[in-house]
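Only one structure is covered here, and it is reproduced in the block below.
Letters A, B, ... mirror the listed sequences (proteins, then strands); counts begin at 1. Quantities reported herein were computed from a predicted structural model and do not represent experimental measurements.
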Amino acid sequence: MSTNEIGSVSAAVSLTVNGTKVEREVAVRTSLADFLREDLRLTGTHLGCEHGVCGACTVLLDGAAVRSCLMLAVQADGTVVTTIEGLAAPDGTLSPLQQSFMDHHGFQCAFCAPGFILTAQTLIDRGQSLSRDDLRSEISGNLCRCTGYASILDSIEAAITDALGPLIDTSGASK
Amino acid sequence: MRASLVGKLVGSSVTRKEDRRLLIGKGAYVADVVVDGMVHAAFLRSPHPHAEIVRVDVAKARRSPGVVAVYTGEEMKAKTNPFVNFAMLAGLYSPVFWPLATDRVRMVGDPVALVIATSRAQAEDALEHIDVEYRLLRPVGTMAAALSPGSEQLWPKNGSNVVYEHTDTFGDVDAVFASAEHVFTERFSSHRQSNQPMETRGCVAEVTPSELVFHSATQSAHSLRWILAIGTSRAGAVDTLKALKANRVRLKSFGKSAKEFLTANKDELSKNDNAGMIHQVRRDPSTLRHIGRLFSNTLALDARRLPRVVAGDIGGAFGVKGHPSREDVAVCAAAIDLGRSVKWIEDRVEHLTVGGTARDETITMSMAVDNGGHILGMRADLVVDQGAYPAVPFGAPLFTRIMKVMMPGTYRPKAFELRTRVVATNKAHYVAYRGPWANETWARERMLDIVARRLGMSAVEIRLRNMYGPDELPVKMITGPTLDVEMSAKATLERANALADVDVFRTAQAQARESGRLLGVGFATFHEAAPGPPDYADALLPGGGMISSEPIRTVLEADGQVSVFTQQVPHGQSHETTFAQVAADELGVPLEQITVVFGDTNRTPFGLMGTGGSRGGPMAGGGSMFAARDLRKQIIDQAAGLLEAAVDDVEITDGTIHVAGVPARGISFADVAGAVRREGKAELASSVSYDGGRGGWVQATHVCFVEIDADTGMVSIPRYVVVEDCGDLINPAVVDGQIRGGVAQGVGSVLYEKVAYDAEANFQSSTFIDYLIPTATEIPAVEIHHLQTPSDKPANFRGVGEGGMIGAPAAITNAIEDALAHLGVTVTEQYLPPTRILELMGVIARSA
Amino acid sequence: MKFPGFVYHRPTSLDEAVELIGRLGGDAKVLAGGQSLLPVMALRLGQPEHLVDISRVSGLDVLAHDDGVVRVGARVTHAQVEDAPMVRRYAPLLADAMPWIAHRTVRNRGTVCGSLAHGDPAAELPAIALALDASLVARSVRGERIIAARDFFEGFLTTSLAPDELLCEVRFPVVAPGTVTLVSEVSRRHGDYAMVGLAASLRLDGAGSIDDVALALFAVGSTAVRATKAEDALRGRTLTPDTIATAVAALREELDPPGDNHASPAYRRHVAGVVLARTLQGFAADAAAISGDAA
């Protein structure tokens with residue numbers, strides 16, 4: 001589409017998804033989320049609200065977390081996309097973050113899981129020091145209706161601690 | 001983490017069996033289901049709260065690209081049977097209604113037409129080409145309007161918007177109130193809230209050459225199956241008679257089962273005097289005609305055409321997916337009509353609009369007390385707004401029966417009276433939401449604080465003075481059920497009081513007030529029938545005992561694995577893990593050797609309860625224990641022969657069956673299964689129908705600490721403590737997760753979430769920008785302390801699914817009032833957003 | 001909730017983009033990050049016939065400090081602004097706003113110019129543009145037009161951008177030395193649109209008297225607004241409790257905020273004053289600390 005397909009209702013897109021080059025013709029009104037779920041059958045990306053609030057559809061686009069419901073597939077042309085299916089090793093070994101979520105009973109129904117895991121992955125990738133409150137704030141764009149978030153925070157905190165060292169301790173700080 | 005600890009799994013936070021697939025994106029939720037030739041559904045929904053449908057023109061929509069079919073309400077009516085309530089209560093009018101609106105719409109979002117197209121996008125496009133002419137009716141937008149005799153009637157056959165009215169009286173209420181030194185009265189109101197699981201509702205009606213498979217996010221696969229069968233079996237009288245004749249065998253077998261059922265439940269059934277049915281038929285005689293037809297239609301249905309319901313992974317529900325929906329029946333009927341598979345995945349706007357709402361109630365409560373703060377009597381007037389349509393198969397009227405039983409809590413009033421009215425308004429229907437009766441706790445615990453403050457007592461003092469203690473047990477609640485010797489509500493309160501250290505807090509609170517900071521603490525104690533004592537069900541309803549048993553089937557499979565089949569449909573509760581823990585311990589095998597099978601009506605035992613009512617742990621957990629225990633006995637019997645040993649000498653260690661003390665003389669479960677097969681015997685299996693044994697109560701005290709920003713009205717929760725007793729914990733991490741999740745929803749209820757309508761019933765919260773689900777920055781850390789009152793109950797598990805949500809609104813609102821009490825504030829509303837806080841404080845004027 | 005159909009265009013040069021928008025006029029919407037436009041389309045509240053995706057238009061990715069202004073091109077995302085030390089240094093009020101804008105996931109796609117062109121009265125950036133007297137650069141086949149922020153926001157989701165114009169860039173004047181800034185808001189939940197928000201910029205002269213002040217409020221009307229009466233109450237004064245009280249009273253007097261399901265008009269009016277008072281008290285405390293340090 002980069003050449004001259006101006007004014008189209010469908011377009012060819014070429015992108016890398018979980019390390020695999022993908023080329024498809026898509027209707028331009030197709031969201032990235034629906035493209036992943038329906039055209040590529042990567043149904044790990046979930047649609048919770050389709051208006052950009054709940055975060056369940058979060059994927060990594062060139063390494064940054066984005067809402068795949070608020071993006072057209074055609075806008076992802078030329079990008080590198082990582083979905084929840086792209087985190088575990090090919091032999092099925094969970095990523096450290098996924099393993100931490102298992103160890104800490106991170107989720108219940110887990111419909112929100114892909115969004116939380118990918119959002120949390122960017123925190124590890126960015127390598128910034130965070131406090132527990134920072135962590136709350138960083139994941140506040142993702143809704144979970146089951147857990148009350150404590151187990152999600154515990155899971156992420158443990159994975160960050162393993163990867164980057166302990167969180168910043170603010171427990172002694174005054175209000 | 002400790003999944004290989006054989007025999008000690010119960011009580012350990014083993015990692016979840018369901019997690020691997022869910023964490024790598026390989027869960028199978030209903031939206032993920034794709035079948036050959038599938039087409040997609042979208043519903044045209046009413047923009048008006050109340051209107052007559054004058055004309056529906058779908059001609060243009062039928063020509064819209066990709067459209068396969070369009071059904072109007074009348075067209076769908078011709079292909080379906082209506083929804084008719086079977087759980088008739090004396091004094092209840094339950095309207096007969098259809099999958100799509102026919103003559104009128106009664107709420108914003110009422111489904112008016114169904115479009116089937118090759119993609120959901122095209123189906124949505126076509127909706128814009130449907131032209132509906134409405135004649136607007138006066139909307140009934142408030143409870144007060146519904147109670148007013150002059151209001152427009154949603155269901156004219158009832159003659160009123162009050163669809164249920166009933167009064168229950170226990171003890172001599174008038175005498176107690178007349179003699180009391182004080183009577184305090186307050187009117188409490190809660191607001192419309194919504195479950196809002198992260199996954200909306202949805203289904204795929206898959207048409208195959210041999211069967212109709214209905215993939216669904218449902219909490220109750222078997223009840224959905226029968227609702228679909230009833231709804232979609234519509235046939236003409238002649239065809240029905242022919243089919244009934246042709247199906248004589250089936251008719252006979254039905255007759256036999258009916259007879260068995262009637263015999264088995266003779267006592268329960270005799271308690272019902274049919275007053276409910278008489279009340280209903282007097283108002284709408286067509287009820288009988290519809291029941292007759294749908295009953296004969298369903299009976300005439302070829303057994304192979306009974307829908308097979310399959311539930312996969314489910315993205316939460318909290319009650320809303322326990323109700324088979326009008327959309328389910330419409331989609332299923334369309335699939336049958338078209339002979340094509342049809343998928344419907346509700347979008348969030350639909351789910352917020354008509355997915356299901358709850359808790360819109362007012363409770364005017366009076367307490368008669370003496371000078372010592374003893375509660376002598378309670379009287380309450382409850383009004384519930386059930387919205388436009390009753391929930392299927394039961395909704396608000398039934399939940400008021402639970403409120404009736406539970407409202408006195410674990411206190412000892414000598415008399416109690418509850419007047420109940422359920423009204424219809426032009427709002428979305430009222431569904432079960434996590435502890436659907438919870439407002440009995442909220443109103444009572446709120447009232448106790450108000451009474452205590454007026455008598456100059458502390459919140460803890462008034463509760464301790466009135467609560468049944470261990471030395472008084474067992475004792476019957478005034479409403480009927482027995483508080484057994486393990487009932488430990490008072491112990492949870494005492495422990496919570498110690499943990500809260502209220503004296504220290506009061507000093508801090510006083511100092512904070514000096515500098516303009518507002519701190520508060522609130523307590524709430526409740527008990528919950530999860531599953532409740534044996535006499536609980538009868539206290540709810542005459543004949544209520546019929547529905548209380550839980551089927552579990554265990555099977556030794558050919559490969560040595562043990563399957564546990566359940567009618568429960570887990571949707572986040574971790575049943576695949578917890579039932580396996582219980583069964584594995586009984587059998588002496590590792591967790592990996594157990595597979596919990598759920599969701600498929602062709603494979604799971606029949607049960608209409610599904611997952612709900614906090615029954616999973618106590619009922620299915622208990623059932624798993626006994627079904628595994630029985631299977632173990634069968635396995636040992638078989639193994640004894642193979643090992644040439646006496647049965648008493650055979651034991652199971654770490655998954656190996658061997659002669660006691662001689663681990664080398666052992667065989668595997670697969671060996672036993674193989675021997676059974678070689679001998680031509682039936683597979684080893686055990687089916688139990690567990691009645692809950694002695695049952696019992698789960699109980700808890702919540703303590704909430706708040707700080708209120710006096711300038712902005714923002715409420716924060718620096719500390720939240722739960723002390724609870726659910727008996728033995730199968731998996732502590734799962735238990736804690738349920739409690740925390742419930743508390744989080746309670747926080748949402750009080751501070752963030754409101755299903756908003758204007759006074760004319762126009763809907764105003766159709767997005768997640770309007771309906772605020774709390775995020776990680778709003779939910780406090782919750783400290784949980786478990787009491788485990790010793791018990792000799794063989795399966796000492798009690799349910800924890802709902803309790804967090806039952807206790808939280810009371811504890812939070814009590815804390816808020818405590819923070820504002822010095823300003824003379826009395827909190828009688830459940831929804832307290834920042835604007836309302838500043839209004840209560842007198843900082844700003846009340847908005848219109 | 002699927003997007004309605006549209007025709008998609010992806011020009012690569014500014015001339016091409018401007019020509020397209022000129023030709024399609026009111027039937028077209030510009031798509032940059034899509035974080036405001038696509039939700040509207042998903043809800044079918046807007047159904048543009050054409051989308052002109054400017055993500056490949058060259059020259060719109062400028063994020064630079066240049067000739068007394070900080071230039072932010074139409075393709076620049078909130079996240080890029082948030083991560084740029086240059087912005088923190090030269091346009092601190094703009095940097096202050098970033099963490100308040102939704103969540104990082106949205107900021108990774110959403111653009112500064114997109115938010116301005118959308119003109120949501122509850123959003124942060126229109127207020128920032130007003131407070132800083134930003135200039136908005138619009139291009140059409142008719143040429144380039146520079147619009148002052150105060151002339152840009154005309155009403156609820158309405159700007160003075162003509163249907164054939166593309167907002168190419170916004171220019172924020174570089175902060176004057178000695179200026180203190182703060183963005184502060186009260187919202188229902190973290191990341192929500194504000195119930196009340198304030199973008200404040202203030203400079204004290206050597207004697208501690210206020211020689212420049214800008215107060216822009218958001219979520220209190222049909223557009224973001226400058227609180228001119230409160231500014232007047234501050235200009236030339238020192239930051240005493242009395243001055244602050246006068247400014248707060250002036251602010252509450254001049255606002256006429258709307259009510260909605262999240263906050264009543266009275267709440268917004270009251271809390272606007274609270275936010276202003278706290279902001280000014282913070283500035284006063286900072287100033288005292290600085291002069292204390294100097295002494």
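- When heavy atoms are compared at a cutoff of 4.5 Å, Tyr831(B) approaches chain C solely by way of its side chain, counted from C-beta outward.
- For chain C, the option among Pro834(B), Ala756(B), Pro833(B), Ala845(B) with the highest count of heavy-atom pairs below 4.5 Å is Pro834(B).
- Using a 4.5 Å cut-off between heavy atoms, Arg268(C) does not touch chain B at all.
- Gln47(C) and Glu128(B) form a side-chain donor-acceptor contact under 3.5 Å, judged by distance and modelled atom types alone.
- Salt bridge Arg44(C)/Asp125(B): present, at least one basic N to carboxylate O contact under 4.0 Å.
- Of the charged side-chain nitrogens involved, none lies within less than 4.0 Å of a carboxylate oxygen, so that Asp131(B) and Lys60(B) do not count as a salt-bridged pair.
- Of the inter-residue distances, the one linking Thr243(C) atom OG1 with Ile210(C) atom CD1 reads 6.5 Å to the nearest 0.5 angstrom.
- When each of Asp709(B), Leu751(B), Asp711(B), Val843(B) is checked for heavy-atom pairs under 4.5 Å with chain C, Asp711(B) comes out on top.
- With a 4.5 angstrom heavy-atom cutoff, Thr712(B) touches chain C via backbone and side-chain atoms both.
- In this structure, the portion of Leu838(B) lying under 4.5 Å from any heavy atom of chain C is its side chain and not its backbone.
- Residues Glu778(B) and His190(C) approach most closely at OE2-N, 3.1 Å, considering heavy atoms.
- Looking at Glu124(B) and Lys2(C), no side-chain N of the basic residue comes within less than 4.0 Å of a carboxylate O on the acidic one, giving no salt bridge.
- Contacts with chain C were tallied for Asp347(B), Ile769(B), Thr767(B), Thr835(B); Thr835(B) has the most, counting heavy-atom pairs under 4.5 Å.
- A salt bridge links Asp192(C) and Arg189(C); the closest N-O separation between the charged side-chain nitrogens and carboxylate oxygens is under 4.0 Å.
- Looking at Glu185(C) and Ser187(C), their side chains never bring a donor and an acceptor atom within 3.5 Å of each other.
- Contacts from residues 351-360 of chain B to chain C, taken as heavy-atom pairs separated by less than 4.5 Å, involve no residues at all.
- Under 4.0 Å is where a charged nitrogen must lie from a carboxylate oxygen, and between Arg88(C) and Asp83(C) no such pair does.
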